[in-house]
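Below is one structure; the comments refer to it alone.
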Amino acid sequence: MLKLGVNIDHVATIREARYRGLGHGEPCPVAAALAAEAAGAHGITAHLREDRRHIQDRDVWALREKIKTRLNLEMANAPEIISIALKLKPDIVCIVPERRLEVTTEGGLDVVAAEKSLAETRKKMNDAGIEVSFFIAPDEDQIAASARVGAQFIELHTGKFAEDFHDAAKREKELRRLVAGARQAHVLGLKVNAGHGLNLENLPALFAVPHLVELNVGHSLVSRAVLVGMDAAVREMLAVMQTYRHP
Ligand code: PXP
């Protein structure tokens, strides 16, 4: 079955809007993670950004201690965060690009440009028993480089697909790129996750993409949880995900 990783960054975004710098406050991202797990989520994802704009260090340690599923730490390929990850020991890290001014993770990681340093990080993580994923656009060169570097997973960036969703021609073009990328990755021995901008409306179209192992969903789930609660939000998404048949 296609797995769901619930990204709880935006629970922390709401907390930080009121309690920034205070070391406490509501809503609690760990409580949200536990509610997501109880509803059937297969993993929890959190992005410890260098600027700590949402998730804080104490959150990732509490998540590591409390959650029972897999912890996926999204992170920049930056020395401070690498050293935290090696101590924290999440089950998997997803290396993402980070630019201070972006609202969320915008483009994919440039694996080609940073091949040497990513190879070093990949090895450090694997040596510590942590799997490695690269968050990349469905680009042939980036996928080939991810395989060369030895990542276990790629996470295909679905942001453009989500953005273009209401324009049929553009959406189909991006879907074709995602399908080709997933096939290429599979042939190269990479496992394929996907994420960014996914919601109940655009998920069924995404299911044209083969070989998907896990989807990482944040904003739409947290948004929905504000209205119906995390339990209902996760169950609704899992119900749609059950229709995924590997094409
Ligand atoms: N995957 C990665 C690598 C991300 O950086 C993000 C955004 O934090 C997501 C998935 C989730 O995106 P969204 O919040 O749009 O569902």
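One-based numbering, in listed order, for ligands and for the atoms of each. The shown structure was predicted, so the numbers you read here are calculated from the model rather than taken from an experiment.
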Side chain to side chain contact (heavy atoms under 4.5 Å, CB included) between L238 and M1, worked out: CA-CA 10 Å; L238 285 171; M1 190 203 158; 4.1 Å; yes
Heavy-atom gap H47 to ligand 1 smaller than 4.0 Å: no
Contact list for residues 224-243, test ring-ring contact (aromatic ring centres under 6.0 Å, His included), sequence neighbours left out: none
Nitrogen or oxygen atoms of N216 and ligand 1 under 3.5 Å apart: no
G218-ligand 1 polar pair, N/O distance under 3.5 Å: yes
Contact partition for E74 relative to ligand 1, non-hydrogen atoms under 4.0 Å: side chain
Atoms of ligand 1 close to G197 [distance to a heavy atom under 4.0 angstrom, numbered from 1]: 12 (O), 13 (P), 15 (O), 16 (O)
Neighbour count >12 (heavy atoms, 6.0 Å) for atom CD, E140: no
Any S220 heavy atom less than 4.0 Å to ligand 1: no
Reference residue I55; test side chain to side chain contact (heavy atoms under 4.5 Å, CB included); the match among T45, D9, T13: D9
Residue N7 vicinity, atoms of ligand 1 by number, heavy atom under 4.0 Å: 8 (O)
Results of salt bridge (Lys or Arg N to Asp or Glu O under 4.0 Å) for R171 - residues two or more places apart only: none
Contact (N/O only, under 3.5 Å) between H10 and ligand 1: no
Greater than 12 external heavy atoms within 6.0 Å of K89's NZ: yes
Contacting atoms of ligand 1, where contact means under 4.0 angstrom from a heavy atom of V96: 3 (C)
Pair R224 + E236: basic N to acidic O under 4.0 Å: yes
Heteroatom proximity flag, V217 to ligand 1, N/O under 3.5 Å: no
Aromatic ring pairing H157/F135, orientation class (parallel under 30°, perpendicular over 60°, tilted between): parallel
Subset of ligand 1 atoms that lie under 4.0 Å from at least one heavy atom of H219: 13 (P), 14 (O), 16 (O)
